[in-house]
Amino acid sequence: LLEPTKELNDKLIGYLDILIATNTDQIGDNLGINLGPNVDYLLSDSMAINAGVTIGITGDAKTDDIGFSATLLYVR
């Protein structure tokens, strides 16, 4: 997982997840590269909403469908 980040303003942080995966011992056999852009919207000092998508870019083991996610994050 590579995850470059960019603070867009004081409440919004963007991420660009680059997920590289293989399902064998030989990394070149079934390689998949997926892209997962997502954002965190800060609701308070201890709560945020994360929303994003996952898109298969290349390879035999890439994600076939576009995935959507939304998560409420709470930190004590």
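These numbers come from a predicted model, not from an experiment.
- Between the side chains of Asn34 and Thr63, at least one donor N or O sits under 3.5 Å from an acceptor N or O.
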Exercise for the section: For side chain to side chain contact (heavy atoms under 4.5 Å, CB included), just list the numbers for Leu35 and Leu19, CA-CA rounded to whole Å, side-chain angles, deciding distance to a tenth of an Å, and then say yes or no. Expected result: CA-CA 6 Å; Leu35 194 62; Leu19 302 138; over 6 Å; no

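- Residues Asp17 and Pro37 form no side-chain contact, since every pair of their non-hydrogen atoms from C-beta on lies 4.5 Å or further apart.
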Practice task
Check step by step if side chain to side chain contact (heavy atoms under 4.5 Å, CB included) holds for Leu72 and Met47.
Solution key: CA-CA 7 Å; Leu72 179 63; Met47 196 175 302; 3.7 Å; yes

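- Under a cut-off of 6.0 angstrom, the local environment of CG in Asn9 is crowded, with over 12 non-hydrogen atoms contributed by other residues, nucleotides or ligands.
- You'll find the side chain of Leu42 stays beyond 4.5 Å of the side chain of Leu12, heavy atoms only.
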Handout entry: side chain to side chain contact (heavy atoms under 4.5 Å, CB included) between Leu31 and Ile20, intermediate numbers included
Key = CA-CA 7 Å; Leu31 185 66; Ile20 302 169; 3.7 Å; yes

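- Taking NZ of Lys11 as the reference point, atom CD1 of Ile49 lies at 11.0 Å (rounded to 0.5 Å).
- For the atom pair OG1 of Thr54 and CD1 of Ile66, the computed distance is 10.0 Å after rounding to the nearest 0.5 Å.
- Closest heavy-atom contact between Ala21 and Ala61: O-CB, 4.4 Å.
- Note on Val75: it does not cluster hydrophobically with Leu43, by side-chain heavy-atom contacts below 4.5 Å among ILVMFWY residues.
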Exercise for the section: Verify side chain to side chain contact (heavy atoms under 4.5 Å, CB included) between Val39 and Tyr15, making sure each step is shown before the conclusion. Expected result: CA-CA 6 Å; Val39 295; Tyr15 302 90; 5.9 Å; no

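- Rounding to the nearest 0.5 Å gives a distance of 10.0 Å between CG of Asp40 and OG1 of Thr5.
- Hydrophobic cluster membership differs between Ile13 and Leu73, with clusters built from Ile, Leu, Val, Met, Phe, Trp and Tyr side chains linked at under 4.5 angstrom.
- Of the inter-residue distances, the one linking Lys62 atom NZ with Ile57 atom CD1 reads 8.0 Å to the nearest 0.5 angstrom.
- The distance from the CG atom of Asn38 to the CG atom of Asn50 is 4.5 Å, given to the nearest 0.5 Å.
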